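Beneath this line is the structure, given in structure tokens, with notes to follow.
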Protein chains: 2
Amino acid sequence: MANDRHALNNPAIANFQVGVDNVIFSVDLHSQKLFVLLSKRLQQPFQGVWSLPGTLVRKGESLEQAADRILKEKIKVNSLYLEQLYSFDEFACNPWGSASQLGIRYLSVSYFALVRFEEAELIAREGGMTAWFLVKEIPTLACDRDRILHYGYRRLRNKLEYSPIAFDVLPAVFTLNELYQFYGTVLGENFADYSNFRSRLLKLGFLKDTGLKSSRGAGRPAKLYRFDSEAFAPLKDKPMVFI
Amino acid sequence: MANDRHALNNPAIANFQVGVDNVIFSVDLHSQKLFVLLSKRLQQPFQGVWSLPGTLVRKGESLEQAADRILKEKIKVNSLYLEQLYSFDEFACNPWGSASQLGIRYLSVSYFALVRFEEAELIAREGGMTAWFLVKEIPTLACDRDRILHYGYRRLRNKLEYSPIAFDVLPAVFTLNELYQFYGTVLGENFADYSNFRSRLLKLGFLKDTGLKSSRGAGRPAKLYRFDSEAFAPLKDKPMVFI
DNA sequence: ACAAAAGTGTTGGTGTTACACCCATGG
DNA sequence: CCATGGGTGTAACACCAACACTTTTGT
């Protein structure tokens, strides 16, 4: 084999196992809290320590498939947004066993997800060792995963400001107040005036009045809107701010 | 070994070689052209076809170190900006020999670089098979690398609009016209009026007049400015537009 | 003096902010 | 009829695009 120098037995070229780590966010509109999904490690190293849901990539499986698999192992959810975050080479810390003792390095490709909270059902398997944590109250994570989490949090806030990922996890119809709550929960309470938020969003033209109303006790019932992806399409890639 | 199931001989876990591919941009202020660095492949597959400068990651070497190594193999440059772009899992195409025949997958982590054109000196090694190409006139690249290049080009334009990477590759002192040319070359000629560009940049307050002047033949000599990173620091992370 | 290049000013329009106000409903 | 939440309007201000204009140099 002419190219053996590039193959496994070449001492110069590193061999890797590639892991996927998910930073999964969710917004609870009811309590107006932002959560991130953590799971407790079942094996050494860092057994019993909270960490990001992750896995090693299997044969025949793409990175995104691996991210999706680990997500579906932890929660049952249909509405979600998923994108790649960053790749970290982890010299110090391979969370998946003894491979490093065999000279195999570990690379963590992180993914960022946003899921619908009301619909997300935690899967109880593995002794319920998966739970939502308030983003403001994260414990110290195994294997320096805090760094990845913060990177994901920053991405979430940025994404929210210039792309329509909120509509991937909001219900099909929603009130402008719910949308406002959503943004406020992620970006902080004083990110914008409600009235200005309304006019800006409506002027963009991709929120359609469904004619339906939603009443919650006293007060004037709110119009229900839906996200019109066709009306949004031409705005794609355009710089746009929802702030 | 208790964790053998996670080790190399586990049939379920994929083994990878990780490659780094660089999208290296440079702006020639003189000709007002945007270039990208390509190198001709010296080995099979795709021998003789233009591609992005890349390498396999070696043992003991971080991803960024690998990106930096391959960059320094091709050009000699001091002033540059480098950041990770994206990770692509390449099922179909491993450009580094026969590893895939051994069941080893290939993952490409791409990096994005911007270098100072005037200073960048192509290294003639390997029969001069490295050259600057006009971004507008890219040949078809080996192994679907065009996708990576376009992704990098998009990133370049975005970065330029909201972060000060231009100052990493401009000379220490420069005229506002040179800065304007730089932006115009990357973003397209009609990205903004010169006069408005001036006032916006100067109002931001991180360009300091050095008191020096630069004259190029006829015409009023231009003030030379420098980028004041201390004055910029408080603006970091703040949304900011240079457009 | 004139052309060339740098730098300044003006003006109309648009977007943003911080409010005050009006509308629809339940109790 | 009033408390509650939804929805609209507006005055002050900041910002921006487009363009005309002035200043400083070389020849």
Side-chain angles (χ1 to χ4, degrees), chain A residues 29-32 160-162 170-171 173-185 187-227 235 238-243, chain B residues 29-32 160-162 170-171 173-185 187-227 235 238-243:
Chain A
L29 284 181
H30 188 257
S31 67
Q32 301 198 186
L160 213 58
E161 291 185 4
Y162 64 79
L170 281 172
V173 298
F174 49 86
T175 71
L176 282 177
N177 225 302
E178 286 167 339
L179 186 60
Y180 181 67
Q181 313 279 17
F182 189 99
Y183 272 79
T185 302
L187 299 175
E189 286 310 326
N190 37 11
F191 75 101
D193 180 280
Y194 174 55
S195 143
N196 297 326
F197 179 80
R198 279 184 63 84
S199 31
R200 205 173 319 120
L201 265 288
L202 290 177
K203 188 161 37 172
L204 290 173
F206 52 72
L207 295 185
K208 299 298 181 190
D209 188 344
T210 60
L212 304 171
K213 303 258 184 177
S214 148
S215 184
R216 42 171 178 144
R220 176 174 174 173
K223 291 181 184 174
L224 285 167
Y225 291 86
R226 66 182 178 80
F227 175 71
L235 305 175
K238 299 257 161 90
M240 181 180 10
V241 181
F242 302 135
I243 288 185
Chain B
L29 284 181
H30 187 258
S31 67
Q32 302 197 188
L160 213 58
E161 290 186 5
Y162 63 78
L170 280 172
V173 298
F174 48 86
T175 71
L176 282 177
N177 225 303
E178 287 167 340
L179 186 60
Y180 180 67
Q181 312 279 17
F182 190 98
Y183 273 78
T185 302
L187 299 175
E189 287 310 325
N190 36 11
F191 75 101
D193 180 278
Y194 174 56
S195 144
N196 299 323
F197 180 80
R198 278 184 63 84
S199 27
R200 202 172 323 118
L201 265 287
L202 289 177
K203 189 162 37 173
L204 290 172
F206 51 73
L207 295 185
K208 301 297 182 190
D209 188 344
T210 59
L212 304 171
K213 303 256 182 178
S214 148
S215 183
R216 42 171 176 140
R220 178 174 174 173
K223 291 181 184 174
L224 285 166
Y225 291 85
R226 66 181 178 81
F227 176 70
L235 304 175
K238 301 254 161 91
M240 181 181 8
V241 182
F242 301 136
I243 287 185

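Source: prediction; values computed, not measured.
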Between [N] ([atom2]) and [X] ([atom1]): distance, integer Å:
X: B:K203; N: D:dA14; atom1: NZ; atom2: P; value: 10 Å
X: A:E178; N: D:dG5; atom1: CD; atom2: C1'; value: 13 Å
X: B:L204; N: D:dC15; atom1: CG; atom2: C1'; value: 12 Å
X: A:L207; N: D:dG7; atom1: CG; atom2: P; value: 12 Å
X: B:F191; N: D:dA18; atom1: CZ; atom2: P; value: 13 Å
X: A:K223; N: C:dT25; atom1: NZ; atom2: P; value: 12 Å

TODO: Scan B:S195 against the nucleic acid and name what it touches under 4.0 Å (heavy atoms): base, sugar-phosphate only, or nothing.
DONE: base
Taking 4.0 Å as the cut-off, does a side-chain nitrogen or oxygen of [X] come that near to OP1 or OP2 on [N]?
X: B:R198; N: C:dT8; result: yes
X: B:N177; N: C:dA6; result: yes
X: B:R200; N: D:dA17; result: yes
X: B:R220; N: D:dG26; result: no

Task: 5′-ward residue of the pair B:T175/A:S215 relative to DNA chain C - done: B:T175
Open item on the list: Can you confirm whether or not the ring centre of A:F206 sits under 6.0 Å from the ring centre of A:Y225?
Closed with: no
Open item on the list: Against B:F174, only a single residue in B:L29, B:T210, B:L207 fulfils side chain to side chain contact (heavy atoms under 4.5 Å, CB included); can you say which?
Closed with: B:L207
Open item on the list: Once rounded to the nearest 0.5 Å, what's the spacing between atom CG of B:L170 and atom CZ of B:R226?
Closed with: 14.5 Å
Task: From CG (A:L176) to CZ (A:F182), nearest 0.5 Å - done: 14.5 Å
Task: Residue mapping more 5' on DNA chain D - nearest nucleotide basis, B:N196 or B:G219 - done: B:N196
Task: B:Y180 side chain vs B:T175 backbone, donor-acceptor pair below 3.5 Å - done: no
Any idea which of [options] is nearest the [X] side chain?
X: B:P221; options: C:dA24, C:dA6, D:dT25; answer: D:dT25
X: A:Y194; options: C:dG7, D:dG7, C:dA18; answer: D:dG7
X: A:D193; options: D:dT4, C:dA18, C:dT8; answer: C:dA18

